[in-house]
Amino acid sequence: MKIILLGPPGAGKGTQAKIITGKFAIPQISTGDILRKAVKDQTEMGKRAKSFMDSGGLVPDEVVIGIINERITEPDCSKGYILDGFPRTLIQAEALTEALTALGGDIDFVIDLKADAETLSRRLSGRRVCRECGQMFHVEFNPSKIDGKCDKCGGELYQRDDDKEETVLKRFEVYDTQARALESYYSTSGRYKPVDGNASMEDVSQKVLDILGG
Ligand code: AMP
């Protein structure tokens with residue numbers, strides 16, 4: 001099963017992707033996670049991507065398209081995958097269709113998590129991530145047991161630079177510009193499924209699993 005998760009920053013794409021991964025045993029492919037690792041490891045790609053990411057803008061299409069084209073042909077993707085944070089532009093969506101057609105397949109579901117700006121800002125400003133294992137927490141909705149420390153591995157929790165207020169506003173702006181184009185690209189087919197992402201994590205995941213038949 002091949003799934004795309006669309007939605008603005010803070011809509012819960014990462015959280016839902018992890019739930020789907022657990023249920024259907026298919027990998028989560030997050031271009032944001034792949035890029036953050038490249039920045040941390042100071043690879044050539046990471047050095048190129050860093051300034052775009054720090055400012056809340058998008059990394060050039062050819063960089064992320066290259067990441068995805070390679071990743072979806074790896075052995076663990078043979079039964080499908082969840083794309084979290086890709087595609088983000090029409091060019092990326094078209095490149096994905098082309099790559100999938102060449103591989104003889106297509107996307108099965110496009111889940112679009114919709115949420116209002118107030119919900120999103122609240123979720124992002126409280127989000128904390130473990131530096132070691134990537135586990136996510138929220139100071140209000142899902143705090144760690146010990147302040148600043150990961151429950152899973154004891155690693156240090158930090159706030160992503162791009163979750164700070166000015167960058168968040170820019171990320172919303174960037175998202176809005178592209179979202180309509182993506183919605184109209186996918187909404188002509190029966191696989192496009194909008195979901196209300198303002199609800200609790202459990203309610204949203206129930207709706208998503210109902211759609212996927214899980
Ligand atoms: P995310 O973790 O999905 O919010 O992504 C963090 C940042 O990585 C974004 O603000 C972009 O700078 C960059 N990024 C992630 N995915 C993409 C993509 N598909 N296209 C362009 N830039 C991306």
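Counting starts at 1 for both ligands and their atoms, in listed order.
- Residues satisfying the salt bridge (charged side-chain N to carboxylate O under 4.0 Å, His left out) test with Asp176, not counting sequence neighbours, are none.
- Residues Thr21 and Tyr81 have side chains that never bring a donor and an acceptor to within less than 3.5 angstrom of each other.
- The side-chain tip of Arg128 does not point at the ring of Phe137 from less than 6.0 angstrom away and within 45° of straight on.
- For ligand 1, residues of the protein lying within 4.0 angstrom by heavy-atom distance are Thr31, Gly32, Leu35, Arg36, Met53, Gly57, Leu58, Val59, Val64, Gly85, Phe86, Arg88, Gln92, Arg160, Asp162, Arg171.
- Panel note: side chain Asp41, backbone Thr43; no donor-acceptor pair is recorded below 3.5 Å.
- Side-chain contact check for Thr119 and Asp116: at least one donor-acceptor pair (N or O, by modelled atom type) lies under 3.5 Å.
- Inspection of the Thr89 and Asp61 side chains reveals an N or O donor paired with an N or O acceptor under 3.5 Å.
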